[in-house]
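Here is the structure we will look at, set down as structure tokens.
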2 protein chains.
Amino acid sequence: MSSRPRGPAASVKITDVAAAAGVAPMTVSRVLNTPDRVSEATALKVREAIERLGYVPNLIAGGLSSRRSRMIAAIVPTIASPMFSAPVQTFTDVLGQAGYHVMLGLSGYKPDGEDALIRAVLTRRPDGLLLTGASHSPAVRRLLKDAGVPVVEIWDAAEHPTDMLVGFDHAELGVAVADFFAAGGHTRFMIFAAGDPRAAARREGFVRRVAQHGGTLVAERTLPAPSGIIDGRLALRAVAPLLTERTALFGSSDNVAFGAMEEARALGIAVPQRLAICGFGDFELSRGCEPPITTVSVDGAEMGRVAAENLLARMNGRAAPRRVLVPSRIIERAST
Amino acid sequence: MSSRPRGPAASVKITDVAAAAGVAPMTVSRVLNTPDRVSEATALKVREAIERLGYVPNLIAGGLSSRRSRMIAAIVPTIASPMFSAPVQTFTDVLGQAGYHVMLGLSGYKPDGEDALIRAVLTRRPDGLLLTGASHSPAVRRLLKDAGVPVVEIWDAAEHPTDMLVGFDHAELGVAVADFFAAGGHTRFMIFAAGDPRAAARREGFVRRVAQHGGTLVAERTLPAPSGIIDGRLALRAVAPLLTERTALFGSSDNVAFGAMEEARALGIAVPQRLAICGFGDFELSRGCEPPITTVSVDGAEMGRVAAENLLARMNGRAAPRRVLVPSRIIERAST
DNA sequence: GCATGACATGTTATCGATACCATAATTTGG
DNA sequence: CCAAATTATGGTATCGATAACATGTCATGC
């Protein structure tokens, strides 16, 4: 008799099932984990016993023994934006179908949020990790290396990822948007960028290319991260006096772009005649609003899917690409 | 010497730390879990050893031994909508600060998505569960009862929750919106509702009250769940011919309401003169668009926070309210 | 000065499953 | 018809931590 406190109804364990089915516990384990190694007749008996006793396997115990938790940690700044909720959604779906569960970690936009979170998450011995961005503190990099866990980084395109990466180059994307505007005959430019590292990279590329085109950077505003519709409205209101001539605006997200457009409407600034707007993210909003907003589409759901598949490959001992770049493309709509 | 395969660098465990610090493993455990029961001098030695060896505790082992996983499962249909991402976000934050991690389960809108997910999640022996809605299959209810895990249900107001509940009455809310429109002198009504049970309850309340007011229900459309901006646009386009006189529309989410408004704009239907619109959810969108949209505000973030706190209370052996109703209120804006 | 108790630490026995090796049952081939 | 190969099952020893109890140490009070 155990001296431990037990739950209200001492729960059914693998030995109970084994006894009920007249087999060894190990056989029950096989029925659940490697069914092809058990005869059909035995498997039937065992499954019947499982059903009858209402056995729910304990994956904590299994994980300790097998040293595989079948859990994956996903760390993103927030799920309040489609930018991150989309990849997390598909990531969770794909891994769920493979029998893995996802622990969600929300790091916020504070620079040190990630460190503590990764440390905490590693105490659960995840079989894999999804991280946002590829710039991490040296402490984190060492921690990850020591843990020996497969890691996928998304939403970034560092040359030397910690382990694997599925993302794209934000600076290049900024360049592409500048080129797009220039091709439309624009000479005056503005950018509203959120304060996070990736939005900053997009801005850097955009600003650099504008200069190369000999364009004028009329205004450049940094918004709090995560930035939204209201931030876009406020920013546009602040720069409205500068909108005396035809100008092109790049917003760091579709929400920001939409906010700018709505504020422009309220102020009587014509879009796209006086103000051309390009957003980022291809949220449903930019497609559904009136006029629809030109945007840069990056398939976040796809990113999550590929990240999950690469992680699965590695966890199953197969090889997986070190660096996958997902395409981004400008979707031209009525706002430009 | 163990016959098990070991990781690349056999990882540091509690016995290693204990040896390095010259104490028993149990003392190391105490330093980490119940620091007040350890003398300051010993704690210092132990912490130094932990730091020096880079010890990362194994909560899988700890969980097996203590029968407390310190994990909570959160099951929502999707995180693509602010309706669910907001509560999940605060829920995760609050529990994270208390040392719990959240497993994310996305059940989708298929009726049987939840069953399998809950069953799978229980194999991890979570210390608590967050569920969306309060109508579950009998199998699930029994499973939860047997597991003896604290459960909070959100986004609903069933009379007899499975365990605890933090939500509100959707039908009542539909009634309130009908009253609000009626008070504004409306006699013609339309509703666009998503196909999920909660949107259906809002619709039922709205339709019932409209009838009580002697109003005309001009159109009633069911949208696919989860429904978005585009669904709202399409629905409005379909019913546009009916908008010959002043009409009031209740959308099942702010996204749907916004889509309807944008389509109305495209079709030259004046808002709010010919079409008054009320949404649901108080997303940033309804506040940030032009004109801003009247909506029913329900604080999803607050719901997540309270759910987390009640769960924490119960897990710590304290009492927690069985049924918490969060307020909802109509925020009147320019669309009505 | 010694019993009483509070506090700090150590010892032992699990928690519930799976890896690995051993053995039994079955099939295959010459 | 039997040895060798294959397949199915069982036994044992952990996985890494913590609960419960035992022990040791010191302060307090009468």
Side-chain angles (χ1 to χ4, degrees), chain A residues 1-7 10-19 21-46 49-50 53 55-71 99 122-125 127 147, chain B residues 1-7 10-19 21-46 49-50 53 55-71 99 122-125 127 147:
Chain A
M1 213 161 159
S2 161
S3 61
R4 298 236 162 172
R6 11 181 163 180
S11 73
V12 181
K13 33 193 161 173
I14 202 168
T15 50
D16 301 325
V17 175
V23 299
M26 196 57 226
T27 300
V28 178
S29 174
R30 287 199 187 92
V31 170
L32 294 169
N33 298 310
T34 52
D36 352 324
R37 300 198 167 171
V38 180
S39 77
E40 195 44 54
T42 313
L44 219 65
K45 277 192 309 188
V46 170
I50 287 175
L53 301 183
Y55 172 61
V56 178
N58 184 329
L59 259 56
I60 299 212
L64 177 60
S65 182
S66 67
R67 292 150 161 278
R68 292 182 51 218
S69 64
R70 303 200 215 177
M71 304 247 319
L122 285 178
T123 62
R124 311 268 177 193
R125 299 294 188 268
D127 292 339
Chain B
M1 215 161 163
S2 161
S3 60
R4 297 237 164 172
R6 16 181 159 179
S11 73
V12 181
K13 33 193 160 171
I14 203 168
T15 51
D16 301 324
V17 175
V23 300
M26 196 59 224
T27 301
V28 177
S29 173
R30 288 202 186 92
V31 170
L32 294 170
N33 299 310
T34 51
D36 353 324
R37 300 199 166 170
V38 180
S39 76
E40 194 44 54
T42 315
L44 218 66
K45 278 192 307 186
V46 169
I50 287 176
L53 300 183
Y55 171 61
V56 178
N58 184 329
L59 257 57
I60 300 212
L64 177 59
S65 182
S66 67
R67 294 150 162 279
R68 291 184 50 220
S69 63
R70 301 199 214 179
M71 304 246 318
L122 285 178
T123 64
R124 312 269 177 193
R125 299 293 189 268
D127 292 339

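Throughout, protein chains are lettered first and strands after them, A, B, ... in sequence-line order, and every chain is numbered starting at 1.
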- prompt: Considering only side-chain heavy atoms of A:S29, which listed nucleotide, D:dT18, C:dT18, D:dG16, is closest?
  reply: C:dT18
Gap between atoms CG and C1', on B:L44 and C:dA8 respectively (whole Å): 16 Å
query: B:I14 CD1 to C:dT12 P: how many Å, rounded?
result: 17 Å
message: To the nearest 10°, give me the bend of the helix from C:dG1-D:dC30 to C:dG30-D:dC1, comparing the axes of its five terminal pairs at either end.
response: 30°
message: With a 4.0 Å limit, can you tell me whether A:R68 has a side-chain N or O closer than that to the phosphate oxygens OP1/OP2 of C:dA19?
response: no
message: Distance check needed: D:dT18 P versus B:L59 CG, whole Å only.
response: 8 Å
message: Between C1' on D:dT18 and CG on B:N33, what's the gap in Å once rounded to a whole number?
response: 8 Å
message: Could you tell me how far apart A:N58 (CG) and C:dT18 (P) are, to the nearest whole angstrom?
response: 9 Å
- request: Ignoring hydrogens and angles, tell me if any N or O in the side chain of B:T123 forms a donor-acceptor pair with the backbone of A:L59 under 3.5 Å.
  value: no
N/O-N/O pairs, protein side and nucleotides 4-10 of chain D side, under 3.5 Å:
from   : atom 1 : to    : atom 2 : distance (Å)
D:dT9  : OP1    : A:S39 : OG     : 3.1
D:dT9  : OP1    : A:T42 : OG1    : 2.3
D:dT9  : OP2    : A:S39 : N      : 3.0
D:dG10 : OP2    : A:A24 : N      : 2.8
D:dG10 : OP2    : A:T27 : OG1    : 2.6
D:dG10 : O6     : A:R30 : NH2    : 2.8

query: Within less than 4.0 Å of OP1 or OP2 of D:dG16, is there a side-chain N or O belonging to B:Y55?
result: no
statement: salt bridge (charged side-chain N to carboxylate O under 4.0 Å, His left out) pairs touching residues 31-44 of chain B, sequence neighbours excluded, are B:E40-B:R47
